[in-house]
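Everything on this sheet refers to the single structure shown next.
A, B, ... follow the sequence lines: proteins, then strands. Residue 1 opens every chain. Any value given below was found using the heavy atoms of this structure, including those in side chains, with hydrogens, waters and symmetry copies removed.
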Amino acid sequence: MKKAIKPFWSYDVEQTENWLKGMASQGYILKKLKRASRTFYFEQATPQNLSYRISFDRNQGPVLASSLTENGWEIAAASGKWQILKNSYSEKDIKTAPVRQGIITHNRNVSFVFFGLLFYLLGVLLANVSTLASSWFQDGTIAVEPSPLWAITYLFLALTFGAIGLASYSIVKIKKSNQAMLQEKAAAAAEKQKHHQPTPKIPQPSGDFVKKVKLGWMYAPDRLESWLEKMEQQGYQLHHVGTIGTVFYFVKGEPRCMSYHAEYMSTVESSYFSIYEDAGWLKIFESWSAMEKWVIWSREYREGEEKPRIYTEGSSHLKRARRMASLYTILFLPMLFIYALNANREFQEFMHEGTTLSLFGVLPAIAFVLFLSFIYRMWAYYIRLRKHYSVLNS
Amino acid sequence: MNADKVMKKYIPMTETAYYILLSLTEPRHGYGIVKHVEEISGGRLRLGSGTVYGTLTKMQKDGVITVFADEERKTLYEITDLGKQLILAEIGRLKELHQNAVKYEGDFL
């Protein structure tokens, strides 16, 4: 049995798949994967033409969709939520594949962890360097005490640099391969699109844009939706939204009947976009951040027609709204706590020591009220939505 | 999720969940499900994209359905053995409802 160690095999699965294919063509057939030691075990056989696909499924055990099995896919090795599938069909006969989404999401989460580690380590390093630098500037010298423990210090320093290197490598590598996997899909779709009519492009306006700034609409998305719909009825057609989602660019034109929908997604899957787009919804905005993803959808309808809706059942809509409100509440609670402490301290100082209340002193109190209002507005939105559906159902 | 838990969670099924699962007689794309449900319900049910996406995600998590990609890398949804068990149990329940509807219908006319 031949062994091969691939420490970063999961970062770029396409590369690993090609490597496995190459091994099979040399007569080494994958038998087992040990994830903890990142070791691949091969059995020697006659060279074969095999295709490999790696998949990550956090939901199910190692059971394949029967469409995959019928198309020649079988499990070559499985470990935890990872599966390596192989197929002996010729490439043109392979019509199916496991989805890439699981790997994209998993690897993105891995890179978030490395981002956290990187920030922490750089912070620690910076603190040490600044201590050294300040003592250098004060005395012009750095006194080095001889100590037998210096070896440990250097070891830690080496470990820190090693970890920084590892984290940076992981982040860059994952970003590249995730982008490639997403483009693979876009390229396949474009290939097909050649035979279909192209999607209509939004025409450039002849006149100037009417710019409107809308801050904090995320805390009451239903209000944004009705505002946009009202603007459209007055002939202000939404053309696009600025990158961070605060500036709305309108074009003056004919009044339109439009249905708008703004929603929060914690994980964005490509299947999400295709279901909406296939149904005729137009994505007018998608926030840049991968962690908190806001999407605004729009769809035109004729007068007298029923307004198209994204949710035709209350429970799925309410579930999404509740998740959004809970997540932001958890996110904001620590900030509320810190601002409350600071505001209280400023207030105590003002009361007891008679210091003048500066603008800087009131800032924590303002921030506290602001974050409290965000939380209040989100739950108010949730309650409005619940009322809406209970009226609809009764 | 084991079979008992899934049965308890889904039965009786909502109309949306029932028709989505019923449409998976063959693997379909997300929007393919929407169109098929509209067709077999005689145009009565037009499922919203968000509702379908949310239900499919939930069903996938519970092991009722599974996914794979086609040549265009588009996601197709397929019913699992557990899902087949579930829809058959629900169909059995609906048959009972239907039999009793036919049996006692006349008494209300």
Side-chain angles (χ1 to χ4, degrees), chain A residues 53 55 57-61 63-69 71 73 94-102 181-193 261 263 265 267 269-281 297 299 306 308-317 319-320, chain B residues 1-2 6 9-10 13-20 24 26-38 41 43-84:
Chain A
R53 280 284 179 183
S55 98
D57 194 334
R58 67 195 150 102
N59 300 320
Q60 285 136 268
V63 182
L64 290 187
S66 50
S67 304
L68 290 176
T69 331
N71 196 211
W73 290 104
I94 301 178
K95 308 273 186 207
T96 61
V99 291
R100 288 288 197 208
Q101 191 59 53
M181 279 193 276
L182 288 169
Q183 267 158 15
E184 180 183 76
K185 186 190 158 89
E191 186 63 34
K192 185 82 182 176
Q193 276 282 313
H261 186 84
E263 73 179 339
M265 298 299 293
T267 48
E269 303 185 340
S270 50
S271 56
Y272 164 74
F273 291 108
S274 60
I275 289 185
Y276 282 53
E277 279 162 1
D278 289 350
W281 291 91
W297 296 97
R299 190 167 169 186
E306 198 191 343
R309 282 173 303 153
I310 283 203
Y311 288 97
T312 43
E313 195 189 50
S315 63
S316 40
H317 198 180
K319 193 175 154 193
R320 185 147 298 291
Chain B
M1 216 185 238
N2 65 36
V6 168
K9 184 173 173 183
Y10 283 88
M13 277 185 160
T14 62
E15 203 176 51
T16 306
Y18 173 71
Y19 265 117
I20 287 177
L24 292 180
E26 56 184 83
R28 286 180 206 278
H29 293 122
Y31 185 57
I33 294 173
V34 175
K35 276 197 299 191
H36 185 74
V37 169
E38 190 177 345
S41 69
R44 184 178 63 85
L45 266 185
R46 275 190 196 170
L47 301 176
S49 318
T51 296
V52 173
Y53 179 73
T55 311
L56 287 172
T57 309
K58 189 175 76 184
M59 285 179 166
Q60 200 192 333
K61 227 172 246 170
D62 295 335
V64 173
I65 59 171
T66 184
V67 293
F68 65 95
D70 64 8
E71 280 173 293
E72 294 164 58
R73 301 270 177 274
K74 248 185 139 175
T75 304
L76 279 156
Y77 298 88
E78 187 190 279
I79 194 163
T80 60
D81 288 338
L82 178 60
K84 285 178 187 168

Which bit of [X] comes within less than 4.5 Å of chain B, counting heavy atoms only: side chain, backbone, both or neither?
| X | answer |
| --- | --- |
| A:Arg299 | neither |
| A:Ser66 | both |
| A:Thr312 | both |
| A:Trp73 | neither |
| A:Ser67 | both |

I need the minimum non-hydrogen distance between [X] and [Y], along with the two atoms involved.
| X | Y | value |
| --- | --- | --- |
| A:Tyr311 | B:Thr51 | CA-OG1, 3.2 Å |
| A:Ala65 | B:Phe68 | CB-CD2, 4.0 Å |
| B:Ser49 | A:Tyr276 | CB-CD1, 3.7 Å |

| Is any side-chain heavy atom of A:Asp278 less than 4.5 Å from a side-chain heavy atom of B:Lys74? | yes
| message | Quick check for you: to the nearest 0.5 Å, what is the distance between A:Asn71 atom CG and B:Asp70 atom CG? | response |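 The CG atom of B:Asp70 is 11.0 Å from CG of A:Asn71, to the nearest 0.5 Å.
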| field | Between CD on residue B:Gln60 and CG on residue A:Asp57, distance to nearest 0.5 Å | value |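 Here the interatomic distance stands at 6.5 Å.
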| request: Among the options B:Leu45, B:Thr75, B:Val52, pick out the one with the most heavy-atom pairs lying under 4.5 Å from chain A. | output: B:Thr75
| said: Can you tell me which of B:Ala69, B:Gly54, B:Pro27, B:Gly30 forms the most heavy-atom pairs within a distance under 4.5 Å of chain A? | reply: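 Heavy-atom pair counts peak at B:Ala69.
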| said: Whether the side chain of A:Glu313 engages the backbone of B:Thr16 through a donor-acceptor N/O pair (distance < 3.5 Å, no angle test) should be reported. | reply: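 No; zero donor-acceptor contacts below 3.5 Å.
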| query | Which answer fits B:Leu56, side chain, backbone, both or neither, if we ask what part of it has an atom under 4.5 Å from a heavy atom of chain A? | reply |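 Looking at B:Leu56, just its side chain touches chain A.
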| query | For the ring-ring contact (aromatic ring centres under 6.0 Å, His included) test, which of A:Trp281, A:Tyr272, A:Phe273, A:Trp297 pairs with B:Tyr53? | reply | A:Tyr272
| chain B interface, residue from A:Glu306, A:Gln101, A:Glu269 that has the most non-hydrogen pairs under 4.5 Å | A:Glu269
| task | For B:Lys58, enumerate each residue passing the salt bridge (Lys or Arg N to Asp or Glu O under 4.0 Å) test, keeping only those at least two apart in sequence or located in another chain. | result |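 For B:Lys58, no residue satisfies salt bridge (Lys or Arg N to Asp or Glu O under 4.0 Å) once neighbours in sequence are set aside.
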